[in-house]
Amino acid sequence: MREDRIPRNGAKGSVAARGRAAGRRDRLTNVPCKDGGMVVRAVEAQRGVLTGGVTDTPGTWDTDDALAAACRSAADAQMPPLDAAVRERMIREAVAEGLGQLELPEARLREALRTLTPVTLFAGVGDAVACAVAGAAAVFACIALALSSASTASVVPVAAFMGAPVLYGLLLSLTMWKDARGSLAAWRRTCRVTVYEVGALRMLAFGVVSLAASVPATGALWLLAAGAVPLAWLFAVACAGLCVFAALALASLLAADGRGSVAQMGAYAAPVVLWTVVGAVLLHDAHGAAFVMRVPAVVFVVIALSAVGCYLVELRTFVWRGCGGTRPAAADV
Amino acid sequence: MLELQQVTKRFGERTIIEGASLVCGHGVTGLIAPNGAGKTTLIKMLATLQTPSEGRILLDGEDIYGLGEAYRAHVGYLPQQVGVYPSYTPRRFLRYVAALQRVPRRVADPRIGELLDLVGLAEVADTRMRTFSGGMIQRVGIAQALIADPDILLFDEPTAGLDPRERARFRSVIHGLAATRTVILSTHIVSDIETIAGQIVLIRDGQVKAYQHASELTAPLVGRILEVPLDAPELPGELRLGEREGTAGPVRRIALPQAIAAGELPAGAVASAPTLEDAFLVLYRDAHVDGVDASGPRRGAPWRNWRGFR
């Protein structure tokens with residue numbers, strides 16, 4: 001089977017099926033045509049749509065446009081008439097596959113989600129998860145005890161905002177700590193499913209679980225406040241706290257990624273320390289607590305949604321770090 | 001084909017590997033050096049766990065750090081310290097590894113059975129690994145490196161903890177796999193690679209040098225390896241390679257600076273064919289090798305220009 005050479009950005013490269021598309025071996029094949037040319041097919045397995053282009057007689061293409069033109073002419077000659085938009089999409093995808101573009105983080109996460117069962121996703125950190133849940137329950141119990149004997153009207157919203165991320169923070173920090181100390185930490189970096197993808201899926205799972213857990217927790221705080229504040233408002237406050245902390249924690253992780261162990265420990269600690277300091281200030285400052293009480297629910301909803309947007313962008317960057325060649329100078333293991 | 005182009009690795013002020021250029025095709029490449037010489041560093045760079053300070057590592061002309069998953073899809077890596085989850089059984093652990101390597105379940109399950117049989121763990125496939133010995137854990141590690149049927153196998157001291165029978169079995173397995181794969185095996189146990197390595201790579205003082213056959217290392221020692229009675233007088237320039245119990249009493253194995261003719265052997269001395277271990281001990285004579293101080297009584301001109309390292 002002859003191997004065509006198709007430049008990438010002016011440089012020479014190959015489109016052998018064994019090459020950079022190895023991660024998508026089931027979706028890219030080079031097969032010879034009857035006339036001695038090559039068919040490059042990018043198969044979208046999920047949608048069951050056969051896409052791609054057909055090259056003309058063997059040759060080389062100096063630019064992407066020349067390749068695309070060759071695909072178009074061959075497609076016109078050999079394939080049934082297609083809608084123009086569909087044909088252009090097929091050609092773009094065939095060229096992209098041939099040039100070996102990296103898969104988008106979203107696609108990688110979807111594929112990882114299909115590959116990994118919940119047991120596989122949380123392999124080795126079951127005890128850390130259990131400790132986190134127990135720890136969060138203990139913290140909540142302490143908060144509830146403290147609130148039950150205090151003047152709660154102004155304190156409950158602050159407690160909701162600061163306490164909502166406790167479960168998420170414990171889950172994230174304990175599982176990452178356990179992974180880093182484990183004997184498989186280095187070896188896992190050689191796997192096809194990257195530690196970044198596993199980490200991202202875990203973070204999403206932790207976020208969903210924390211959000212779900214915040215519902216009964218917020219309800220309990222509302223009862224402790226004897227209904228002094230609206231439940232929906234209190235829930236908006238809790239969501240905002242959870243989402244802001246999650247975005248902050250992930251930003252901290254991204255900043256420390258690829259650096260030494262001290263920097264990474266600092267990354268784990270920084271959001272917690274910051275959160276504790278802010279919470280302490282709000283709790284001790286009557287003006288601060290009163291200010292929180294005056295903020296309408298819609299503001300907290302906007303804060304939460306903005307934080308979720310930041311979080312998703314950060315998550316995308318986090319997953320992208322594990323893709324080929326885009327990681328920063330990672331700390332050697 | 002894996003290729004290193006002028007690869008250098010430094011940790012701070014210390015240079016571990018300097019200007020290494022190496023080509024590894026199908027077959028076994030044995031990477032041999034004393035502890036601390038840089039074998040693991042080199043293996044880790046090939047596994048993309050460490051990045052070179054200078055130079056490039058290429059797979060079929062493509063930089064492995066640019067390939068990302070496309071490179072990792074071809075690699076099976078056995079680290080020096082094999083990690084497992086003690087509460088897992090070998091079968092469950094290999095299923096976990098298969099998932100991380102994107103091996104479909106329908107492919108993974110029969111392959112796991114074959115691999116466990118290959119490494120001699122079929123009978124304990126469903127026993128929790130917390131009860132396993134070090135050698136059994138090592139065999140699980142060998143199986144996990146093979147789970148995705150990789151083209152490139154990187155083994156970092158794979159026979160540590162294995163008994164002689166298991167090591168012999170491992171050598172046979174690797175020799176069979178290497179016919180269609182690139183196997184790079186790092187060890188400080190010469191016998192691990194003596195019979196299976198096509199290419200032998202030595203690391204000394206950061207310099208990496210490849211030999212295409214063991215005979216390139218042993219040929220210069222022909223006529224220079226003797227076994228003399230332990231209490232015999234020391235010969236001029238002799239380098240002690242070790243001691244053993246001979247048929248007529250304890251003997252010491254030595255290497256001489258010059259070849260000696262059969263008729264000129266000292267009394268009681270017997271000429272011996274040089275082995276790869278002899279060559280290793282001579283090359284690393286200034287290093288503490290496997291508990292044996294291989295430094296000779298005199299370090300000087302007769303040895304300085306010995307073939308391989310200048």
Side-chain angles (χ1 to χ4, degrees), chain A residues 3 5 8 11-14 16 18-26 28 100 102-103 108 111-112 114-117 119-127 179 181-195 197-198 258 320-333, chain B residues 9-11 40-41 43-53 59-88 92-93 95-105 137 141 144-145 147-148 150-152 154 156:
Chain A
E3 190 174 295
R5 304 198 73 75
R8 285 179 299 154
K12 294 294 181 184
S14 68
R18 189 182 170 278
R20 67 189 60 78
R24 303 183 293 278
R25 191 169 291 178
D26 59 328
L28 175 64
L102 298 169
E103 288 184 74
R108 291 193 65 89
E111 197 165 338
R114 270 199 303 274
T115 307
L116 303 178
T117 63
V119 172
T120 310
L121 187 60
F122 295 103
V125 294
D127 49 355
D179 266 349
R181 286 175 56 87
S183 54
L184 284 86
W187 164 81
R188 283 187 59 201
R189 288 181 175 268
T190 65
C191 295
R192 292 181 63 181
V193 177
T194 67
V195 293
E197 289 164 31
V198 172
W320 192 255
R321 289 276 175 93
C323 294
T326 56
R327 266 167 50 192
D332 289 339
V333 295
Chain B
K9 181 62 182 177
R10 298 186 194 91
F11 291 106
T40 296
T41 299
I43 292 284
K44 283 187 172 179
M45 285 194 285
L46 290 168
T48 66
L49 293 175
Q50 293 182 0
T51 53
S53 305
L59 172 65
D60 294 339
E62 303 273 0
D63 193 305
I64 64 173
Y65 296 97
L67 287 172
E69 184 185 340
Y71 174 70
R72 294 195 301 276
H74 293 288
V75 174
Y77 170 59
L78 175 66
Q80 191 171 14
Q81 303 289 339
V82 176
V84 296
Y85 295 128
S87 62
Y88 278 31
R92 186 181 176 195
F93 180 73
R95 278 188 185 142
Y96 165 67
V97 174
L100 290 180
Q101 300 289 25
R102 300 196 202 275
V103 179
R105 183 72 176 257
I137 298 291
Q144 68 78 22
I147 191 73
D151 302 323
I152 300 166
L154 305 174
D156 195 352

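Side chains are part of it too, since the values below use all heavy atoms of this structure and drop only hydrogens, waters and symmetry mates. Letters go in sequence order (proteins before strands), and every chain restarts at 1. These figures come from a predicted structure and were not determined experimentally.
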Under 4.5 Å to a heavy atom of chain B? For A/V198 that would be side chain
From the list A/T115, A/T190, A/V195, A/L116, side chain to side chain contact (heavy atoms under 4.5 Å, CB included) partner of B/L100 resolves to A/L116
Honestly, the part of B/V84 sitting under 4.5 Å from a heavy atom of chain A is backbone
Smallest heavy-atom separation, B/Q101 atom then A/R192 atom, equals OE1-N, 3.1 Å
- Query: Between A/R189 and B/T48, does a side-chain contact (heavy atoms from CB on, under 4.5 Å) hold up when you go through it step by step?
  - Reply: CA-CA 8 Å; A/R189 288 181 175 268; B/T48 66; over 6 Å; no
Contacts of A/D127 meeting side chain to side chain donor-acceptor pair (under 3.5 Å) (sequence neighbours excluded), chain-then-number -> A/K178
Hits for salt bridge (charged side-chain N to carboxylate O under 4.0 Å, His left out) against B/R92, two or more places apart or cross-chain, chain-then-number order -> none
Of all heavy-atom pairs linking A/W187 and B/Y96, the shortest is CZ3-CE2, 4.5 Å
Scanning both residues in full, the closest heavy-atom pair of B/Y85 with A/A123 reads OH-O, 3.3 Å
Can you confirm whether more than 12 heavy atoms, excluding those of B/Q80, are under 6.0 Å from its CD atom? yes
